[in-house]
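Below, read A as the first sequence line, B as the second, and so on, with proteins coming before strands; counting in each chain starts at 1.
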Amino acid sequence: MNMLSRRSFIHAGGAAGALATFGFPKMAFARANTQRRFVFIIQRGAADGLSILAPTGDPSFAGIRGDFVQDSAGGAKLASFFTLHPALAETAKMYSDKQALFVHAVASPYRDRSHFDGQNVLETGGSAAYRLKDGWMNRLIGLLPADEGKALALSTTVPMALRGTHEVSSYASSQLPTPSDDLLARVASLYEGDPQLHELWSAAMDTRMKAGDSMKSSSGPKGAATGALAAKMLLGDGARMAMIETNGWDTHSGQRGRLNAQLRDLDQIVASLKTGLGPEWSNTLVVVATEFGRTARPNGTGGTDHGQASVSMLLGGAVAGGKVIADWPGLTQAALYEGRDLKPTTDLDALIAGAVAQHYVLEPSRTIATLFPESRGAAVKQPLIIA
Amino acid sequence: MLSTTIALNRFGLGARPGDQPPADPKRWLLGQLDRFQPRPQALAQVPSRTEVVGQLAEYLAAQQMAGRAKRQLQRASMQVEGALPQQPTKDADPQADATKRYFRQSIRDDYLVMNAARLDSALTTDTPFVERLVNFWANHFAVSVDKLPVIGLAGLLEFEAIRPHVLGRFSDMLLAVEQHPAMLLYLDQAQSIGPDSMVGERIAMRGGKQRGLNENLGREIMELHTLGVRTGYTQADVTEFARALTGWTVSGLGRGPAARLIGGSPGQFQFAEALHEPGTRTIIGKKYAQDGEGQARAVLLDLAASPATAKHLSTKLARHFAGDDPPPALVERLSKAYLATGGDLPTVYRALIESPEPWAPRPLKFKNPWNWTVSALRAVGTEQVEPMMATNVLRQLGQPTWQPGSPAGWDDIAASWAGPDALVRRVEVAQRIADKAGSTVDARALAQKLFPESLSEPTRTGIARAESPAEGLALLLVSPEFVRR
């Protein structure tokens, strides 16, 4: 049962000695443009990691989770200790194809329980809410060659993680009638003397040209349409980096049904991203993360309240997947954070910095210092990305 | 930028073609505090709470029936030896499913009607400053129609709890909001059960499903509605407050063991003693020994009177009127006005009007989609909108009514609204509004009226050189002057 010891790392499929550092042969900062693509999917509202990737092998699990243990029925068994929620069917396939990696008991530096502060920390990359004024994805742009740093928000406005000094565009499919080219040109000249509007307008026109008309009518389930749109934008020369926002993870009541629908939607986003990107999927890293987790025990209304650690996912053909990384803290009363939440044992900042550094072959210490300047840890060194 | 332009656009909702520019902008704003109508003609036709809650109760009952039928069918199929376990089917009880669909549609219709009524009220009001404040407070006490029970009730929260108190005391508004079914259902309070309450003990004795405390409303009251985040309260304070709040629920919608114990007519606030956690609570160092409903009420009154609350509310007001980075001196002045009068809101508004910061003669705010839509429709003299169109336009512009997606409400800073795609959508909608107005509007004259002596040269010439009156109007509606205030 050494799997349960506080300081053991759990792996499956991966080499047992995966903790060893291999070093990165091409670690120089200035580097050639690659075909790398990066997608950040944020789960707003605090997604319940203990239901998404249930630690069914933990002896305390069944006792503490009540009805929620039924969520795991029919889910894929990972690393003989965890069970993936059955709604994540396509994600489970990625795991068996070694294209999905899960990191459990992970959390940002934020240790309180406000969604809005927690999301601000997750997106700015600071150590406390509202300390930094720009987002870590925007700062990442500065580390990349111009082509590779083209970033897009799949929404009408730009979310915090992408805000900052580097130009970022936003795009979402619209049902409104397209304005005439003449009006668009006149608006452009109307905005010429207004720096803010000029920049927004130029970015919008650029993206619009690249999206083409086919995006006007996206059909099918919401998640699939979002994934397909993201893939299309990432294949053109409009963007190499994208952020997708998902809402609705704040399951204070009726969690089982709601989480099931949320996860099906997420599963469709990543599945259609993969399909849409085709061969470029092998150059792609998708990071899925939430602001914090939820209470280990169900609350009084069939849901869970705000907690601490949750699960994060690395998906994509570039990912050294097929494993779960967890310095598993356990679920006994004494092991829970403040007696109620899964205790954070892995630093989300270190994970993101490690994954991004490996993905783009950037120097890890410089990457973490840029993306998460207030972080005291080092970027995760274990292989997260296929070299 | 003249103070007339500021009063009309930054404090108000934009001028209408027939409006006379106010000669004394400050007096015009102050006068609105005496003229405001909590229930104007535009809201006369909105469905009543009894209607909405009746539909919701029917829906929930049908849902329960459909669920029961589904389970029976599953059990029956499992008893047939060798049969494969059936997937849950939708057709177990077609009658219940049809009833469910019918009432879900009725509830959606209520939402459409209420959203249009709210927009009509903003389009026709001659107290646009107070109407803006209604919108401000409705967003402060945000609920989101992502949850089905909230769809029909969100508008009622604004009409019943915000509008009547927008010119009263904050504590009265706070109580009205926290006891409104929309809030009680949105933040899961209606089903929260004290573990040691009568119902809680009965459940525990039967070894039944885990049901009990839900701390969602307690936390958001402290974090969002009153004190503000990081003001010193702890997780223990949140949990204690949640205990004090147990028993605050809504009648006529209950399911499960508690339903019978909650009296009252459907949709009304009820205090259900049987759900209330007995005992004295300690919250932020103070003991609350009250019995029953009065316990949480006493906590709310203390929260409303706290200097942290004064600062939190003043910061938000200052941000709304004086820029994304609220000037500290203004926040301080508003806080003082709040604390000196026990949270009398008109006193705070007067302090705002009399302060120099909101009168800075340059644009301080990027309009959010609701504000932009209202001002654009007012500019062309629209007084009534078609319900479906009203809903769709705001959705496409990125601010679906009563659906901010979280209890924090919509952000009030430019970065949240000034996105590339968001700007294109305004152009799309502007073209639609302008095409509809046709050649009836002379955008050149209208521009002078909307921004008295404040129109920039590029906007003036841009409009003048447009190829048609409609195009000129569309350009006016998306001009730098018009997208900001």
Please rank [options] by heavy-atom pairs under 4.5 Å with chain A and give me the top one.
{"options": "B/S479, B/A474, B/A422", "answer": "B/A422"}
{"options": "B/A415, B/A466, B/P458", "answer": "B/A415"}
{"options": "B/S144, B/G398, B/A408, B/P407", "answer": "B/A408"}

Report the C-alpha separation of A/R163 and B/S416 in whole Å, then their side-chain angles, then the decisive distance to 0.1 Å, and conclude whether the side chain to side chain contact (heavy atoms under 4.5 Å, CB included) test is met.
CA-CA 10 Å; A/R163 288 184 200 165; B/S416 299; 3.5 Å; yes

Heavy-atom pair count under 4.5 Å with chain B, highest-scoring of [options]:
{"options": "A/R44, A/R186, A/E192", "answer": "A/R186"}
{"options": "A/G254, A/A172, A/G193", "answer": "A/A172"}
{"options": "A/L190, A/D250, A/N247, A/V158", "answer": "A/L190"}
{"options": "A/A203, A/S114, A/A204, A/G45", "answer": "A/S114"}

Going from [atom1] on [X] to [atom2] on [Y], what distance comes out if it is rounded to the nearest 0.5 angstrom?
{"X": "A/S180", "Y": "B/D435", "atom1": "OG", "atom2": "CG", "value": "8.5 Å"}
{"X": "A/T157", "Y": "B/L397", "atom1": "OG1", "atom2": "CG", "value": "12.0 Å"}
{"X": "A/M205", "Y": "B/L423", "atom1": "CE", "atom2": "CG", "value": "8.0 Å"}

With a 4.5 angstrom heavy-atom cut-off, which part of [X] approaches chain B: side chain, backbone, both or neither?
{"X": "A/S170", "result": "both"}
{"X": "A/D206", "result": "neither"}
{"X": "A/R340", "result": "side chain"}

Heavy-atom proximity to chain A below 4.5 Å, by part of [X]:
{"X": "B/E215", "result": "both"}
{"X": "B/L213", "result": "backbone"}
{"X": "B/E467", "result": "both"}
{"X": "B/L224", "result": "side chain"}
{"X": "B/V229", "result": "side chain"}
{"X": "B/V483", "result": "side chain"}
{"X": "B/L217", "result": "neither"}
{"X": "B/N216", "result": "both"}
{"X": "B/S192", "result": "backbone"}

I need the single residue from A/E338, A/R113, A/H306 that forms a side chain to side chain donor-acceptor pair (under 3.5 Å) with B/Q235. Which is it?
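Exactly one candidate clears the test, A/R113.
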
Is it the case that atom [atom1] in [X] sees more than 12 heavy atoms from other parts of the structure closer than 6.0 Å?
{"X": "B/R230", "atom1": "CZ", "answer": "yes"}
{"X": "B/R432", "atom1": "CZ", "answer": "no"}
{"X": "B/M388", "atom1": "CE", "answer": "no"}
{"X": "A/R256", "atom1": "CZ", "answer": "yes"}

Run A/S253 and B/Q191 through side chain to side chain contact (heavy atoms under 4.5 Å, CB included) and show every step you take.
CA-CA 9 Å; A/S253 60; B/Q191 337 160 40; 3.9 Å; yes

Let's go through A/H252 and B/R219 carefully: what are the C-alpha distance in whole Å and the side-chain angles of both, what is the deciding distance for side chain to side chain contact (heavy atoms under 4.5 Å, CB included) to 0.1 Å, and is it a yes or a no?
CA-CA 12 Å; A/H252 282 282; B/R219 176 186 310 283; 5.8 Å; no

Checking B/V424 against A/Y171 for the side chain to side chain contact (heavy atoms under 4.5 Å, CB included) test, could you report, in this order, the C-alpha distance in whole Å, the side-chain angles of both residues, the deciding distance, and whether it holds?
CA-CA 10 Å; B/V424 179; A/Y171 186 81; over 6 Å; no

4.5 Å side-chain heavy-atom contact, A/T301 and B/I193
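Counting from C-beta outward, A/T301 and B/I193 never come under 4.5 Å.
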
Validation row: B/D411, A/M160 side chains within 4.5 angstrom (heavy atoms)
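Contact flag for B/D411/A/M160 side chains = no.
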
